[in-house]
Amino acid sequence: GEAPAAGRTRSAVVTGAASGIGRNVATMLLDRGWIVIASDRDADGLRSIPDPIADGSGEIRRVAGDLEDLEATTHAIAREVEALPRLDGLANVAGIFDPLSMGQADTARFERHLRVNLTAPWLLADLLWEKLANGGRIVNAGSLAAGNPFPGSVAYTCSKAGLVGLTKVGAEGEDLDAGDRKSTRL
């Protein structure tokens with residue numbers, strides 16, 4: 001990406017930051033000198049992300065919370081962002097997969113997938129929309145399952161297909177008239 005203006009540090013929110021892709025994204029941004037608001041339900045995993053070297057490059061702000069507790073966690077993240085003059089990125093990487101097949105009629109498990117994999121990314125993007133104005137980017141971690149379901153993936157596939165739709169609305173929808181925001185899918 002382009003270099004920030006002189007004297008300005010870039011900032012991003014990364015969900016699912018305690019492990020896997022989320023941790024790799026958070027670590028890469030920290031190494032590049034970004035302020036990272038790292039969120040995950042795994043508080044120990046968040047604490048294990050090393051603090052950046054004390055040379056002024058990078059800063060980590062940890063927000064432990066489970067996106068199943070949608071309101072509390074998303075609003076805790078939004079409160080951290082409020083202190084920033086703007087936000088350059090939102091990486092919605094957190095996600096769950098709990099096998100569920102047709103014929104099981106487990107509404108709670110189905111809705112849990114939707115809450116974590118679709119509603120939380122939408123709510124975070126909505127809460128942070130104004131801070132992402134003027135060039136902010138949203139990256140939503142999709143899945144091949146959105147277009148190629150596999151056995152036991154009914155809830156996961158539906159949630160990830162919805163995330164693809166949300167990403168397209170963010171990238172191509174009329175809401176972009178309000179500023180220069182970009183949305184993409186991994």
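All values below come from the heavy atoms of this structure, side chains included, with hydrogens, waters and symmetry mates left out. Values in this document were obtained by computation on a predicted structure and should not be read as measured data.
Proximity of Val63 to Ile37: side-chain heavy atoms (C-beta onward) are separated by under 4.5 Å at one or more points. Using a 4.5 Å heavy-atom cutoff, the side chains of Ile35 and Arg10 are not in contact. For the pair Ile96 and Arg112, the minimum side-chain heavy-atom distance is below 4.5 Å. Annotation: side chain of Val13 is in contact with side chain of Leu87 (closest heavy-atom distance under 4.5 Å). Counting only heavy atoms from C-beta outward, the side chains of Thr9 and Trp34 never approach each other to under 4.5 Å. Put simply, the side chain of Arg137 does not reach to within 4.5 Å of the side chain of Asp88, judged on heavy atoms. Between His113 and Asp98, the closest side-chain pair of non-hydrogen atoms falls below 4.5 Å. Within the 4.5 Å cutoff, the side chain of Ile60 has heavy atoms near those of the Pro52 side chain.
If you take CG on Leu70 and OG1 on Thr74, they are separated by 5.0 Å, rounding to the nearest 0.5 Å. Note that the CZ atom of Arg86 and the CG atom of Leu128 stand 13.5 Å from one another [nearest 0.5 Å]. The distance from atom CZ of Arg61 to atom CZ of Arg79, rounded to the nearest 0.5 Å, is 14.0 Å. Taking CG of Leu114 as the start and OG1 of Thr107 as the end, the distance is 10.5 Å to the nearest 0.5 Å. Atom CZ of Arg115 and atom CD of Glu68 lie 5.5 Å apart (nearest 0.5 Å). Remark: Asp66 CG to Asp40 CG distance equals 8.5 Å, nearest 0.5 Å.
The two residues Ala141 and Val93 have their closest heavy-atom pair at CB-CA, 3.9 Å. Nearest heavy atoms, Leu30 versus Glu59: CD2-O, 3.4 Å. Across all their heavy atoms, Leu100 and Ala155 have their closest contact at CD2-CB, 3.9 Å. The shortest heavy-atom contact between Ser101 and Val154 is C-CG1, 3.9 Å. Summarising the geometry of Val164 relative to Ala146, their closest heavy-atom pair is CG2-CB, 3.9 Å, with the distance given to 0.1 Å. Across Pro121 and Asn140, no two heavy atoms sit closer than the pair CB-OD1, 4.2 Å.
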Give the intermediate values and the outcome of side chain to side chain contact (heavy atoms under 4.5 Å, CB included) for residues Ser39 and Glu80. CA-CA 11 Å; Ser39 177; Glu80 282 293 325; over 6 Å; no
What do the steps show when you test Asn92 against Ile138 for side chain to side chain contact (heavy atoms under 4.5 Å, CB included), and what is the final call? CA-CA 8 Å; Asn92 285 308; Ile138 301 170; 4.1 Å; yes
Run the side chain to side chain contact (heavy atoms under 4.5 Å, CB included) test on Cys158 and Phe110 for me, step by step, so that the C-alpha distance in whole Å, both residues' side-chain angles and the decisive distance to 0.1 Å come before the verdict. CA-CA 9 Å; Cys158 289; Phe110 190 89; 3.9 Å; yes
Would Lys160 and Asn117 count as a side chain to side chain contact (heavy atoms under 4.5 Å, CB included) here? Give the steps. CA-CA 7 Å; Lys160 290 300 185 171; Asn117 296 349; 4.3 Å; yes
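Cluster annotation: Leu132 is connected to Leu124 through the hydrophobic network of ILVMFWY side chains, with a link wherever side-chain heavy atoms come within less than 4.5 Å. Residues Leu29 and Ile49 fall within the same hydrophobic cluster, defined by Ile, Leu, Val, Met, Phe, Trp and Tyr side chains chained together at heavy-atom separations under 4.5 Å. No continuous path of hydrophobic side-chain contacts links Leu127 to Leu67 [ILVMFWY only; heavy atoms under 4.5 Å].
Under the 3.5 Å distance criterion, the side-chain polar atoms of Ser153 are left unmatched by any main-chain donor or acceptor of Pro149.
Taking the centre of each ring, Phe150 and Phe97 come in below the 6.0 Å mark.
Contact check on Asp42 versus Arg47 returns no salt bridge, with no Lys/Arg side-chain nitrogen under 4.0 Å from an Asp/Glu carboxylate oxygen.
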